[in-house]
Amino acid sequence: MKKNNSMSLVMKATGTYIRQNYPFLILFFAGLLAISALNFLKISTAETIANFSLNDFEIGQIADRTIIADRSLQPDNVDPVAVVKGEKIIKKGFPITEEGLAKLKKMSASPLYIDYRAFANSELYLLLLSIMWYLLFTFISVNRRLVFREPLLQVLFFIAEYAVTAFLGKLPLFSSPYSICIVIPSALFIMIVTILYGNLSALLLSIIMSMGVLCATGWQIPTFLLTLASSLTAAAIVRKIERRLDLVFAGIMISIFNIVYLLIFSVIFNETFDEIPKLMIGLAINGFLSGILTLGFLTPLEILLNTASVFRLMDLSDNNTPIFKQMQIQANGTYNHSMMVAQLAEAACREIDANPLLARVGAYYHDIGKMDQSEYFVENQANMENKHNELNPTLSASVIKSHVRKGVEKAHQLHLPQAVIDIIAEHHGNSIITYFYNAAKEKDSSLDEDDFRYPGIPPRTKESAVVMLADTVEAACHTLENPTSSRLEKFITLLINQKVEHKQLDNCDLTFSDISKIKAAFVNLLTGYYHNRIKYQNQQDPDEAPAKTEEPVTEAVKENAEPVKTVKTSAKTVTAKVVASKPAAAKSAVSKTTATKEKK
């Protein structure tokens, strides 16, 4: 009974896993099938016998194995040698004859002969390599949601590199373990993957592609090591670049490193230096072209794959785009709020080693769903009556939470990267719209709180969680009176603890240490934002200042005053009435006017 229960649980878990990951499983088997087809074509055109290269056999050599013909081959005009099925071509322990070597050459050159031993060996290797790749790619966390397009691109790159290595390596020009490296596009592929998907994906692909090259070249260790070194170097060089033009300099740097690696491995494997100058030129061209081609392919791939690469995010962070100009006009308060949230999120992500650029762009766009009904959000209600006074709390909550759905729709229309769309969809999680829920509950205590929940899910990445916290803190701190550093710290701690208690941070990888650093970054930035200024001695409160009135001028002053003179200064034009000529008379007239007022 227990065994049956265990089997049913295993079957159920397997079925659940297949339903959740069937696109990746289909890709795994399709990729394995494609690489097996290439492997079969490679083996069928290779000059190998029993998994040994024909160059390993020579006349007079004592054979260490017996090779039996598996099919008959008729003589022809090109090669008059005949091979009979079942005959022993060479026999273990006996010298290889000239006739035996000729028959081996005829077998290896014939399209009818396929070295199934070599095919089986390489096929098993590729199967194990594919399984290892799938397990690594599936179970190693990349701190973001895995999109099907990413492994698809990597499979295509692997197949392309295997094909180039296997078939161009048959040409005499690229037959040596070092010359074949000139045409292997590993640096190009790794640079593209690093920029599009990050360092970890590039590291995994570097290892897998290099091991694939090892099989494609007939187990040539120098080729494997040189490919691996070049790939890892490419990933390390481009991981921090922020401008597209830097890819040209990255190509130059890879060229230099390729030459250094060539010299090192030539010394290690005791190679002759006759071909070194040509190989150095070829590897330098390979590295430089990798940078140039990456620059050319990157923009189309960014658009096609819709990835959150550093260059794409830099383009999206431009505040002069039409969407932001429209937001400034239609929802100015939301625009200013988003800019401040972006500053908070970026500063916090720098402290916890998350992606600050992704957080900043996500914060810029997180409230674009408010643009259609901006007047229903408090930050846009300056000098106008609150629209929610005319609505019941349930309808108000529906309007408020609809901005998440509308934001996701606008993001898809703008073709924003999926990582940014996820931040828009998750920046409120599934939290309750507390203000309207409490207002509605006063009228009807039987209300379902799920009707007042946001439609999203809690954040799944650090960047998304930080944007959620920054959004909450920035909005709430506007209501805080006397926002000193200590009061801000206590208030922010309270707000973050509420998110933790409501399980809004359960799906992301934030640690307690990360939360402390995020809080410190928020406090530091908001303290500077709400800093105090020195009040000037004569400064008046505009609400308490008296209306400006002109000082009464007596007839005596008017009679002794000169015409109005305008004095221009560098800052502004000052108009003054200058009293001249009879100062004593004017003074006397003013004194009499003052005495009269006092008597009255």
key: Side-chain H-bond candidate by donor/acceptor type, N39 with S122, under 3.5 Å   = yes
query = Is a donor on one side and an acceptor on the other found under 3.5 Å between the side chain of N497 and the backbone of T493?
reply = yes
task = Give the minimum heavy-atom separation between L526 and V473, together with the two atoms involved.
result = CD1-CG1, 3.4 Å
task = Mind checking the CD1-CZ spacing from I254 to F249? Nearest 0.5 Å is all I need.
result = 14.0 Å
side-chain contact (heavy atoms from CB on, under 4.5 Å) between Y134 and L25, intermediate numbers included = CA-CA 9 Å; Y134 181 84; L25 292 170; 3.3 Å; yes
task = Test salt bridge (Lys or Arg N to Asp or Glu O under 4.0 Å) on R244 and D315 and set out the steps.
result = CA-CA 11 Å; R244 295 182 189 270; D315 294 339; 3.3 Å; yes
message = Taking the side chain as everything from C-beta on, heavy atoms only, tell me whether L357 gets closer than 4.5 Å to V310.
response = yes
task = Could you tell me whether D514 and K517 have a side-chain N and a carboxylate O separated by less than 4.0 Å?
result = no
query = Where do L416 and V420 come nearest, in terms of heavy atoms and distance?
reply = CD1-CG1, 4.0 Å
task = Output, in order, the C-alpha distance, side-chain angles, deciding distance and verdict of side-chain contact (heavy atoms from CB on, under 4.5 Å) for I421 and V408.
result = CA-CA 6 Å; I421 296 176; V408 172; 4.0 Å; yes
ask   = Where the side chain of E463 meets the backbone of N355, is there a donor-acceptor pair that is under 3.5 Å apart?
value = yes
key: Candidate pair L313 and S309, rule side-chain contact (heavy atoms from CB on, under 4.5 Å), full reasoning   = CA-CA 6 Å; L313 291 175; S309 68; over 6 Å; no
inquiry  = Looking at N286 and I182, would you say the former's side chain and the latter's main chain have a donor-acceptor pair under 3.5 Å?
reply    = yes
inquiry  = Taking the six-membered ring for Trp, are W133 and F158 closer than 6.0 Å centroid to centroid?
reply    = yes
message = Looking only at side-chain N and O atoms, does S431 offer a donor or acceptor that is under 3.5 Å from a partner on Q504?
response = no
query = Is the closest side-chain heavy-atom distance between L126 and Y162 below 4.5 Å?
reply = yes
inquiry  = I need the L228 CG to F224 CZ distance, nearest 0.5 Å.
reply    = 5.0 Å
request  = With side-chain contact (heavy atoms from CB on, under 4.5 Å) as the test, would you mind laying out the steps for F57 and I67 before giving the verdict?
outcome  = CA-CA 12 Å; F57 301 98; I67 296 179; 4.0 Å; yes
key: Closest heavy-atom pair and its distance - G456, N430   = O-CB, 3.4 Å
query = Does the side chain of T307 reach to within under 4.5 Å of the side chain of R149, using non-hydrogen atoms?
reply = no
key: Under-4.0 Å salt bridge between E346 and R360   = yes
request  = Have a look at L305 and tell me which of V147, L153, I192 forms a side-chain contact (heavy atoms from CB on, under 4.5 Å) with it.
outcome  = L153
Atom pair CG (L289) and CG (L295), whose distance is rounded to the nearest 0.5 Å = 12.5 Å
task = Taking the side chain as every heavy atom from C-beta outward, state whether L505 and C508 have any pair of such atoms under 4.5 Å apart.
result = yes
ask   = So, for L129 and G212, which heavy atoms are closest and what is the spacing to 0.1 Å?
value = CD2-N, 3.9 Å
remark   = So CG of L414 and CD of E409: to nearest 0.5 Å the spacing works out to 12.0 Å
key: Close side-chain approach of V361 to L358, heavy-atom, < 4.5 Å   = no
inquiry  = Do R312 and P417 make a side-chain contact, defined as non-hydrogen atoms from C-beta onward lying under 4.5 Å apart?
reply    = yes
inquiry  = Can you confirm whether the side chains of S176 and E275 place a donor and an acceptor under 3.5 Å from each other?
reply    = no
query = When you measure from the side chain of K499 to the backbone N and O of A465, does any donor-acceptor pair fall under 3.5 Å?
reply = no
query = Does a donor on one side chain and an acceptor on the other come within less than 3.5 Å for S464 and E426?
reply = yes
query = Is a side-chain donor or acceptor of S255 paired with a backbone partner of F288 at a separation under 3.5 angstrom?
reply = yes
message = With a sphere of 6.0 Å drawn around CZ of F297, does it hold more than 12 non-hydrogen atoms of other residues, nucleotides or ligands?
response = no
inquiry  = Please give me the minimum heavy-atom distance between N319 and F324, naming the atom from each residue.
reply    = O-CB, 3.4 Å
note = For F311 and I241, the nearest pair of non-hydrogen atoms, with its separation, is CZ-CD1, 3.8 Å
inquiry  = Ignoring hydrogens and geometry beyond distance, is a side-chain donor-acceptor pair present between Y365 and S338 at under 3.5 Å?
reply    = no
message = Is it the case that over 12 heavy atoms from other parts of the model lie below 6.0 angstrom from the CZ atom of F257?
response = no
task = Give a yes-or-no answer on whether the side chains of S201 and E150 include a donor-acceptor pair shorter than 3.5 Å.
result = yes
request  = Assess the pair H403 and H366: is the distance between their ring centroids shorter than 6.0 Å?
outcome  = no
query = Can you find a pair of side-chain heavy atoms, one from F157 and one from I190, that are under 4.5 Å apart?
reply = no
key: Within-4.5 Å side-chain heavy-atom neighbours: P177 and T217   = no
ask   = Between the side chain of T321 and the main-chain N/O of D318, is any donor-acceptor distance below 3.5 Å?
value = yes
request  = Any chance you could measure L200, atom CG, to L136, atom CG, to the nearest 0.5 Å?
outcome  = 9.5 Å
ask   = With under 30° as parallel and over 60° as perpendicular, where do the rings of F265 and F269 fit, or are they tilted in between?
value = tilted
task = Enter the distance from F167:CZ to K42:NZ here, rounded to the nearest 0.5 Å.
result = 8.5 Å
